[in-house]
Each structure stands twice: as structure tokens, then as C-alpha cells.
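Remarks on the structure that follows.
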Amino acid sequence: MAEPEMDGIAWSATADSLVRDARNGSDRAHANVTVHRTPNAIGGDHPSDGVLLRVRSLLPEFTGALQRVAEQVLTDPAAASRATIVELAERSGTSPATVTRFCRAVGFDGYADLRLGIAAETGRARSAGWHVDIGREIQPNDPLERVLGQIMAADTRAMHDTASLLDLSEVERAAVAIAAAPRVNIFGASGSALVGEEMQFSLHRIGIPVWAWTDVHNGLASAALSRPGDVALGISHSGETGETIELLAEANSRGATTIALTSFPRSPLAELADIVLLTATQATTFRPDALSARHPQLVVLDLLYVAVAQRTHERSHAAFQRTAKAVHGHKAAKDS
């Protein structure tokens with residue numbers, strides 16, 4: 001079956017403009033900063049490592065026919081691993097040629113390699129004890145025992161996927177930058193703002209000068225006062241939150257080192273940042289991707305926080321002791 005196809009990236013012109021403007025403005029400010037990116041930041045050393053994670057990460061970039069193939073693979077990976085190229089094309093309403101293009105887009109030479117990769121990954125999931133029906137919808141009459149199992153399975157899988165995605169050299173660079181920064185700004189909206197405030201709380205306890213901004217006006221004012229050496233951390237699961245992109249772009253244009261925490265490595269926020277920290281998600285009923293991203297985000301930020309504390313050990317230890325002593329008198333007295 002032939003169909004008109006428009007395969008490509010569907011980012012907004014506004015986000016694209018902000019990224020270009022920030023990059024143009026920061027070329028001079030970052031003249032002495034070399035940005036290093038891992039060439040294969042998503043999916044490991046071989047295309048068969050984390051196939052479904054790779055497809056999920058690239059999904060926002062696909063449009064039209066390629067997007068339909070990706071959604072079909074993610075909806076029923078086991079069936080995709082058993083289907084012929086013609087069967088997968090029919091189920092996704094596309095053509096074998098489109099399926100072949102999809103394989104190349106996610107790093108495989110052909111459909112046979114894709115099938116083997118998916119089969120290997122679903123096999124590893126079963127061996128690890130993850131629920132085969134991890135993507136099953138939670139029904140209104142499901143017992144809480146089953147609901148708990150679904151949530152635990154989804155979060156466990158998301159943690160493992162995040163660990164495989166995360167580039168530890170990027171975490172190292174982020175920790176070094178934060179440890180030396182005169183000022184750290186954290187930007188996020190909605191659920192990401194809550195995650196940012198948690199990070200602000202942790203860093204504040206060890207004496208890092210850090211602020212978490214949820215109001216755009218106040219955030220922009222703080223970003224505009226950024227200087228080289230400062231750090232700006234933008235948090236957005238999709239990497240397409242306009243306010244967060246704008247705030248990070250402003251800080252970037254003033255010479256701050258910018259860090260993005262996102263699930264999509266080619267999103268506008270990631271393209272804008274000097275350092276990219278990636279997370280993975282496993283959505284469940286009532287917890288779509290944006291909500292299920294919180295736990296992986298917190299794990300990555302906990303790792304970053306500990307890495308900062310390691311690099312400022314004496315200062316952090318002293319600060320933690322002082323802050324703990326200051327609030328100790330407000331804790332409930334223990335029974336003698």
C-alpha cells in the first residue's frame with residue numbers, strides 16, 4: 001500500500017528559534033568551553049541494546065508513517081518480534097518500504113536485525129522477572145496487589161533503562177560544574193518543578209548556592225544575571241516545555257553552563273544544553289510518561305547530588321553537620 005509520507009522532526013518554530021538564538025549568543029561566551037557528546041548516547045554500544053528504549057526516545061521525532069510503525073512496535077513488542085515485514089506493515093497501516101526505513105532510522109541494517117533485537121530484549125525482560133503484561137491497562141476493579149505489581153514492574157524497568165541510557169561522563173561534567181559554580185539555577189514547570197525543588201533542597205543542605213525557579217518572570221530575571229561559571233539546570237521530560245527552554249536559553253546566552261534533564265536526546269532542550277542527562281520512562285494507567293518520569297528523574301538527580309557532595313566532601317560534610325544541628329531542636333523529643 002502506498003501512502004504520502006512526511007517523516008521528520010516536528011519541533012515548534014519558537015523552540016527552534018530560541019535554540020538558535022541562544023547558540024548564536026553563547027558562541028562567544030563559551031569560546032573556551034569544549035562540549036563533548038557521546039556519539040551513541042541512546043541505546044548502548046550496539047543497536048540491539050535497549051531497542052524499545054531507543055524507539056521510545058525517538059518517537060517524538062517521527063511523523064506520519066514512521067510514527068505509526070514505532071507505535072505498533074511499542075504497543076506489542078512480542079508480536080512485532082514474531083511478525084513478518086509485510087505483517088508489521090499491515091498492522092501499522094504502512095508499507096514494507098516504510099518498515100525498512102524505520103529499521104534504518106533506529107540503527108538497524110534491516111528488518112531481520114530489528115526482530116532479533118526486540119526478541120532479545122523481551123527475552124531479557126522475562127528473565128529479569130518483569131511482568132510480561134507490563135503495558136497492560138489497569139482496570140477499575142483490579143485488586144491493589146496487581147496494581148502494586150504493575151507499578152513496581154514499570155518503575156523497575158524504567159530504572160534499568162535509565163541506568164543504560166545515562167552517560168556517566170556527562171554526570172561527571174555536571175557535578176564538576178555545579179561544585180565550582182558561584183550560582184546554580186534550576187528551572188522546571190509543573191511536575192518538573194517539584195523535582196527541581198527536591199534537587200534544590202539537597203544541594204542547599206550541603207552549602208551549594210542554588211535556587212529553584214517556577215515563576216517565569218523571576219526565573220528570567222535570575223537567568224539574565226547569570227555569568228560564566230554559573231550553572232543552569234533545566235528539567236523537562238519531553239524537552240519541549242516552552243518556559244523551561246526560554247529560561248535555559250537566557251542563561252546560556254549569558255555564558256552559564258547549561259544542563260538538560262530530559263527523556264529525549266534530540267529535543268529542543270537537549271539541543272540547547274551543554275550537558276544532557278537522559279532518563280527513561282514506563283507509563284502505566286493514570287501515570288502517563290510525564291508523571292512516570294519523576295522517579296527516574298529523582299534517581300539521576302540523587303546521583304548528581306552525591307557526585308557533587310563527593311567533590312566538595314569537606315565543605316559538604318561541615319555544611320550538612322551544621323544544618324542538621326540547626327534543625328535538631330525542632331524534632332519531636334524522644335520518650336526517655
Side-chain angles (χ1 to χ4, degrees), residues 33 155-156 158-160 162-163 165-215 218-219 221-223 225-236 244 247-248 251 254-262 273-279 293-336:
V33 178
D155 282 357
T156 300
M159 299 299 183
H160 280 271
T162 295
L165 266 183
L166 198 58
D167 184 342
L168 294 181
S169 66
E170 292 285 87
V171 177
E172 171 82 20
R173 291 179 60 223
V176 170
I178 291 173
R183 181 183 183 90
V184 178
N185 285 316
I186 301 176
F187 306 125
S190 190
S192 295
L194 299 177
V195 174
E197 288 174 347
E198 183 77 14
M199 184 60 167
Q200 190 268 343
F201 168 78
S202 297
L203 291 175
H204 180 68
R205 285 295 300 269
I206 60 172
I208 300 296
V210 56
W211 289 262
W213 303 100
T214 57
D215 178 83
N218 289 334
S222 187
L225 295 174
S226 295
R227 298 177 179 178
D230 290 346
V231 171
L233 166 63
I235 305 172
S236 170
T244 306
L247 291 163
L248 205 68
R254 303 294 177 176
T257 299
T258 51
I259 305 170
L261 178 64
T262 180
D274 299 312
I275 300 169
V276 180
L277 306 179
L278 295 175
T279 58
R294 287 178 300 178
H295 291 160
Q297 287 173 341
L298 288 171
V299 167
V300 173
L301 291 179
D302 273 348
L303 174 63
L304 179 57
Y305 157 70
V306 172
V308 172
Q310 286 179 310
R311 284 149 186 78
T312 58
H313 180 265
E314 291 187 9
R315 184 181 75 185
S316 294
H317 181 72
F320 203 87
Q321 292 294 106
R322 289 199 300 271
T323 54
K325 183 177 180 179
V327 301
H328 179 74
H330 291 268
K331 295 182 178 179
K334 294 182 179 179
D335 295 333
S336 57

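Just the heavy atoms: all of them, side chains too, but no hydrogens, waters or symmetry mates, feed the values below.
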*With sequence neighbours left out, write down each residue that passes side chain to side chain contact (heavy atoms under 4.5 Å, CB included) with Ala232, or none if nothing qualifies.*
Phe187, Leu248, Ala251, Thr258
*Between the main-chain N or O of Asp215 and the side-chain N or O of Asn218, is there a donor-acceptor pair closer than 3.5 Å?*
no
*Listed partners of Thr323 passing side-chain hydrogen bond (donor to acceptor under 3.5 Å, both in side chains), at least two apart*: Arg205
*Check side chain to side chain contact (heavy atoms under 4.5 Å, CB included) between Asp302 and all other residues, then give those that pass, not counting sequence neighbours.*
none
*Looking only at atom types and distance, does a side-chain atom of Glu170 sit under 3.5 Å from a main-chain N or O of Val276, one as donor and one as acceptor?*
yes
*What pairs with Ser222 under side-chain hydrogen bond (donor to acceptor under 3.5 Å, both in side chains), at least two apart in sequence or on another chain?*
Arg183, Asn185, Trp213
_Which residues pass the salt bridge (Lys or Arg N to Asp or Glu O under 4.0 Å) test with Arg311, not counting sequence neighbours?_
Glu172
*Could you pull out the closest heavy-atom pair between Leu303 and Leu168, with the gap in Å?*
CD2-CD2, 4.0 Å
*Kindly state each residue pair satisfying side chain to side chain donor-acceptor pair (under 3.5 Å) with at least one member in residues 191-204, sequence neighbours excluded.*
none
*Residues in side chain to side chain contact (heavy atoms under 4.5 Å, CB included) with Ile178, at least two apart?*
Val184, Leu203, Ile208, Val231, Ile259, Leu304, Val308
*Please answer whether the main-chain N or O of Ser236 pairs with a side-chain N or O of Thr262 as donor and acceptor at a distance below 3.5 Å.*
yes
*asked:* Quick check: do Val195 and Leu298 have side-chain heavy atoms less than 4.5 Å from each other?
replied: yes
